[in-house]
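Some notes on the structure that comes next.
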Amino acid sequence: MGNFEVPAATLAAITERVGTPVYVYSADMIRARYRALADALAPLRAGIHYAVKANGNQAVITLLAKLGCGADVVSGGELARALAAGVPADRIVFAGVGKTRDEMAAALDAGIHIFNVESEAELEALAEVARAKGVVARLGLRVNPDVDARTHAKITTGKAENKFGVAIERAPAFFARAQALDGVRAIGLSVHIGSQLMELAPYREAYVRLRSMGEHLRAEGYELRLLDLGGGLGIDYDGGDGPRPADYAAMVAEVMMGADFELAVEPGRWLVGTAGVLLTRVIYEKRGAAKRHVIVDAAMNDLIRPTLYEAHHRIEPVAPGAADPLPADVVGPVCETGDYLARDRVLPAMASGDLLLIRDAGAYGAVMASTYNARPLVAEVLVDGDRWAEVRPRQTVEDLIALDRVPDWI
Ligand code: LLP
């Protein structure tokens with residue numbers, strides 16, 4: 001679906017009014033990606049729940065909610081964001097290994113569609129919270145299918161040693177316990193084997209196991225209606241197409257052929273990843289004996305993916321200069337050797353003030369930012385055709401200082 005090209009005039013206006021670093025998102029691209037996925041999944045009638053964790057800006061969630069997309073949330077905070085963005089409660093699924101009783105209560109009050117429960121202890125807690133409110137909580141069991149998603153170790157979730165879900169063979173015992181409890185109704189199974197999956201084979205393996213456990217539970221007499229297939233569909237950080245929704249949908253159709261389960265998916269990165277860039281300005285260029293460093297105003301606190309996952313983000317000068325192209329590390333001002341955005345990239349000579357664009361930063365960019373080194377959170381902008389708006393103003397140092405309290409006894 002190509003790259004997100006910020007129109008030159010818009011880009012100039014944004015950097016002049018909002019400054020850098022700034023995340024810029026494309027409304028058109030998010031809409032196009034949602035529609036492509038929804039069209040591919042339409043024959044399966046699978047519900048789409050956007051994984052809010054990928055990009056939780058209210059404008060982004062609102063945009064997707066207006067297209068009819070549901071939400072996958074993993075905290076009380078994300079639940080509140082989804083509701084505030086207008087996602088109907090009955091299109092919200094709540095996942096996560098550590099839901100607190102307060103978060104469960106808030107989700108029950110809102111009337112969410114389903115909880116994806118990840119342990120027996122959570123099942124007992126949910127039943128208690130629901131009983132205290134005199135309601136019944138719908139739930140699906142997140143199973144761990146012990147499949148290797150063949151992605152980065154820090155975002156692999158479906159191996160037996162990972163903290164997520166309950167081993168799939170324990171599902172019958174879990175359903176038996178759920179049936180014995182008042183306050184809960186177990187109606188589904190869910191699976192999520194990892195993020196940034198570039199191959200369909202691991203999904204197929206997991207879905208075959210999911211279907212067969214779903215059918216086994218039905219045969220045992222349980223009301224098993226829903227299979228939640230999770231998220232994780234990857235994007236090509238080198239600019240290619242990556243796995244296509246049509247191929248994913250065809251694989252699901254084949255695995256689920258003849259089974260009549262309601263289906264759901266939880267995509268995050270695939271919807272918003274390629275639809276965002278991070279704009280940063282060069283502060284200095286420094287040529288040492290062993291390396292050339294381009295020092296920019298964005299840093300690991302603004303985009304942590306390169307240093308945390310060895311993630312590759314394409315990086316391009318906005319005004320392509322031809323002079324003196326040489327490999328360089330693009331680094332931020334933070335006092336850590338791990339503070340890099342790109343390593344060994346061929347870039348032309350850069351002058352102070354030159355703009356660089358870091359691609360595919362729409363997912364797990366701004367949401368993972370911190371204020372390390374007392375660096376305020378950067379601005380976020382949404383572009384829609386020739387309109388644009390600041391959807392998160394840049395935080396100020398005064399905002400940061402005002403978050404703290406100094407006791408008068410110091
Ligand atoms: N559903 C569940 C239960 C999840 O844990 C996740 C992501 C998703 C759906 C959405 O996955 P997606 O479609 O976006 O791959 N910070 C990492 C990614 C962490 C993903 C965590 N879970 C990164 O920057 O690559």
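Not measured: the values here are computed from a predicted model. Numbering of ligands and ligand atoms starts at 1, following listing order.
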Under 3.5 Å, which donor-acceptor pairs do the side chains of residues 256-268 form with other protein atoms, sequence neighbours left out?
unit_1, atom_1, unit_2, atom_2, d
Glu266, OE2, Asn116, ND2, 3.3

Query raised in the report: Salt bridge or not for Glu390 and Arg17, using N-O below 4.0 Å?
Result: no
Query raised in the report: Counting from 1, what ligand 1 atoms have a heavy atom of Met368 closer than 4.0 Å?
Result: 16 (N)
Query raised in the report: Only one of Leu382, Val6, Leu11, Val18 forms a side-chain contact (heavy atoms from CB on, under 4.5 Å) with Trp388, so which one is it?
Result: Val18
Query - Lys163 with Glu118: basic N within carboxylate O range, under 4.0 Å - result: no
Query raised in the report: Heavy atom under 4.0 Å from ligand 1: found in His192's side chain, backbone, both, or neither?
Result: side chain
Check residues 181-191 and write down every donor-acceptor pair under 3.5 Å in which the side-chain atom is one partner and the other belongs to a residue at least two apart or another chain.
unit_1, atom_1, unit_2, atom_2, d
Arg185, NE, Glu223, OE1, 3.2
Arg185, NH2, Glu223, OE2, 2.8

Report task. Report, in ascending order of atom number, the atoms of ligand 1 lying under 4.0 Å from any heavy atom of Arg269. Result -> 12 (P), 13 (O), 14 (O), 18 (C), 23 (C), 25 (O)
Requested in this report: Enumerate the atoms of ligand 1 whose separation from the nearest heavy atom of Gly268 is less than 4.0 angstrom.
Outcome: 12 (P), 13 (O), 14 (O)
Query raised in the report: What atoms of ligand 1 come within less than 4.0 Å of a heavy atom belonging to Arg142?
Result: 3 (C)
Report task. May I ask you to decide whether Lys53 forms a salt bridge with Glu78, counting only side-chain N to carboxylate O separations under 4.0 Å? Result -> no
Report summary line: If you scan protein heavy atoms around atom 24 (O) of ligand 1, the nearest is Arg305 NE, 2.6 Å
Requested in this report: Identify whether the distance between the nearest side-chain nitrogen and carboxylate oxygen of Arg209 and Asp146 falls below 4.0 Å.
Outcome: no
Report task. Measure the distance from atom 15 (O) of ligand 1 to every protein heavy atom, then report the residue, atom name and distance (to 0.1 Å) of the closest one. Result -> Ser195 OG, 2.4 Å
Report task. Give the contacting part of Leu308 toward ligand 1: side chain, backbone, both or neither, where contact means a heavy-atom distance below 4.0 Å. Result -> neither
Requested in this report: Give a yes/no verdict on a cation-pi contact between Lys99 and Phe115, requiring under 6.0 Å between NZ or CZ and the six-membered ring centre and an angle within 45° of the axis.
Outcome: no
Report task. Identify, for atom 19 (C) of ligand 1, the protein heavy atom at the shortest distance, and state residue, atom and that distance. Result -> Ile155 CG2, 3.6 Å
Query raised in the report: Nearest to atom 23 (C) of ligand 1, what protein heavy atom do you find, and at what distance?
Result: Tyr309 CE1, 3.3 Å
**Report entry** Min side-chain heavy-atom separation Gln196-Tyr309 under 4.5 Å
**Finding:** no
Query - Heavy-atom proximity to atom 13 (O) of ligand 1, best of Ala54, Gly96, Gly232, Gly365 - result: Gly232
**Report entry** Protein contact of atom 21 (C) of ligand 1 - nearest heavy atom, named by residue and atom, plus distance
**Finding:** Lys53 CD, 3.7 Å
Report task. May I ask you to identify the nearest protein heavy atom to atom 14 (O) of ligand 1, giving residue, atom name and distance to one decimal place in Å? Result -> Tyr364 OH, 2.6 Å
Report task. Run the numbers for me: atoms of ligand 1, each under 4.0 Å from some heavy atom of Pro267, listed by number. Result -> 13 (O)
Report task. Give a yes or no on whether a salt bridge exists between Lys291 and Glu285, defined as a side-chain N under 4.0 angstrom from a carboxylate O. Result -> no
Query raised in the report: What is the nearest protein non-hydrogen atom to atom 1 (N) of ligand 1, stated with its residue, atom name and distance?
Result: Glu266 OE1, 2.6 Å
